[in-house]
Amino acid sequence: MGYQAQGPVILPQSNLDDRETLVSEHKHKGKTCRQSTAVFNVVNSIIGSGIIDFSLVLLIKGGALSGTDTYQSLVNKTFGFPGYLLLSVLQFLYPFIAMISYNIITGDTLSKVFQRIPGVDPANLFIGRHFIIVLSTAAFTLPLSLYRDIAKLGKISLLSTVLTTLILGIVMARVVSLSPYIPKTEDAWVFAKPNAIQAVGVMSFAFICHHNCFLVYGSLEDPTVAKWSRIIHVSTLASVLISILFSTCVYLTFTGYTQGDLFENYCRNDDLVTFGRFCYGVTVILTYPIECFVTREVVANVFFGGNLSLVFHIIVTVVIITIAMLVSLLIDCLGIVLELNGVLCAAPLIFIIPSACYLKLSEEPRTHSDKIMACVMLPVGAVVMVVGFVMAITNPQDCTHGQEMFYCFPDNFSLTNISGSHFQLTTQPSILNISIFQ
């Protein structure tokens, strides 16, 4: 294995002020971006529920203390080669599994969009999830992933963030129009149930940005810990706000019937939601390359000493994306993918490793606030990882992939939208049929 230990880029400093930089000037010449662009890259990576900003700042501080500029080199400097290998496996698996989940979402979401085109046979092979996954990979995610500089994805991330805002508006509109007609599940408003730890795993999947924070940090012009902290606070606030709105609106609408894939909850004949599905599919496609950047960097660091020639850059990218595509063609249930990735990969990357590195490197007293928080985060991460994995195996989530929810069938209710905002309800035997904008 072509691993080569990486030397420190700067001398570690104990005083973390605005003059600190973790990336050498020559390395990022011509590859910098403004703070606003970095914010969009971070938000694009973590949209869905935000991140634990303290953990991210702790990670960058650990890099400053150790004189390193990547997550891998930080762990290598702190825990040696065994820690480096463990981190490399986790840091590769998390974004790689995320790429698989993005392919699943793309296939599921866009297939329903194309089925709504007049005159198109729903059974047509060319609008099936498998063909869409292959097509989107070849036409969009692969070309975008071939970029060598993550700063070039800033405008793409901005577009993704704008589309996410449009999707949020659609979800908020539907909580008003659909919620009264969707039957509520038993104990729908119980705050937490015994399997709540499984939700922590899924949230950890969405919370994480740690695997690519050094990439985004390094893309900054004149990167400093103080500047990074400001970016993280803004990104976290935006992402958490969007997350809360998304999760609240969807759960208010569907309660216990809520599916892991947001748009699996809605009926296929809802044209407004069809537009939302299209925006969602595009957003996922635009987010995909950021995860690919991380997987490729891990491979480059472990097997190629941190540098890839143009030829190997293309080969490694194509191989990673092809494998992710093939796996996503075989798996069609998103919930279990998110859950296992959260408890096995995200929890250690968020809670355990940054805390462990900082605790070993920092010379601050034990009563220092950073050390106290690190001491809390480490065992929390261990509990989430172990208990979450056990519950994911013993109590798997239900998956209704590709199936219309029961309330979408015309057996019980017929809900017709006349003007887009006023509904006419006709009662039939027992289930809800939602026909929006028909």
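Only heavy atoms go into these numbers, but all of them, side chains included; no hydrogens, no water, no symmetry mates.
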Original post:
Under 30°, 30 to 60°, or over 60°: which ring-plane class applies to Tyr71 and Phe214, parallel, tilted or perpendicular?
Top reply: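 Aromatic pair Tyr71/Phe214 classed tilted.
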**OP:** Hey, can you tell me if Tyr251 and Trp189 have their rings parallel, tilted or perpendicular (30° and 60° cut-offs)?
**Re:**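 Rings of Tyr251 and Trp189: perpendicular, over 60°.
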Give me the atom names and distance for the closest heavy-atom approach of [X] to [Y].
X: Pro289; Y: Leu144; value: CG-CB, 3.5 Å
X: Leu74; Y: Gly62; value: CD1-O, 3.3 Å
X: Ser66; Y: Leu361; value: CB-CD1, 3.9 Å
X: Val298; Y: Phe92; value: CG1-CB, 3.9 Å
X: Arg268; Y: Arg116; value: O-CD, 2.9 Å
X: Met172; Y: Cys249; value: CG-SG, 3.5 Å

Subject >> Exercise: do Gln259 and Asn265 side chains pair donor with acceptor under 3.5 Å >> reply: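 There is no such pair (donor and acceptor under 3.5 Å, judged by atom type) between the side chains of Gln259 and Asn265.
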Original post:
With a 3.5 Å cut-off and no angle check, do the side chains of Arg296 and Thr317 form a donor-acceptor pair?
Top reply: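 A donor-acceptor contact under 3.5 Å links the two side chains.
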Original post:
Considering residues, nucleotides and ligands other than Tyr147, do more than 12 of their heavy atoms fall under 6.0 Å from its OH?
Top reply: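 Check fails, neighbour count at 12 or below.
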Original post:
Considering residues, nucleotides and ligands other than Tyr257, do more than 12 of their heavy atoms fall under 6.0 Å from its OH?
Top reply: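 Yes, the 6.0 Å shell around OH holds more than 12 heavy atoms from other groups.
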Original post:
Can Glu264 and Lys112 be counted as an ion pair, charged N to O under 4.0 angstrom?
Top reply: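 The answer is yes: the pair qualifies as a salt bridge.
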Original post:
Do the charged groups of Asp270 and Arg174 touch, with an N to O distance under 4.0 Å?
Top reply: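 Counted as a salt bridge, because a side-chain N and a carboxylate O are separated by less than 4.0 Å.
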Subject >> Near-ring test Phe79/Tyr84, centroid separation under 6.0 angstrom >> reply: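 No, they do not, as the ring centres are separated by 6.0 Å or more.
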**OP:** Give the intermediate values and the outcome of side chain to side chain donor-acceptor pair (under 3.5 Å) for residues Thr161 and Thr164.
**Re:** CA-CA 5 Å; Thr161 305; Thr164 300; 5.8 Å; no
Original post:
Of Ile321, Asn341, Ile323, which is the lone residue that meets side chain to side chain contact (heavy atoms under 4.5 Å, CB included) with Phe96?
Top reply: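 Result: among Ile321, Asn341, Ile323, Ile323 is the only option passing the side chain to side chain contact (heavy atoms under 4.5 Å, CB included) with Phe96.
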Original post:
Is there a side-chain contact between Phe312 and Asn307 (heavy atoms, below 4.5 Å)?
Top reply: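 Side-chain contact under 4.5 Å: no.
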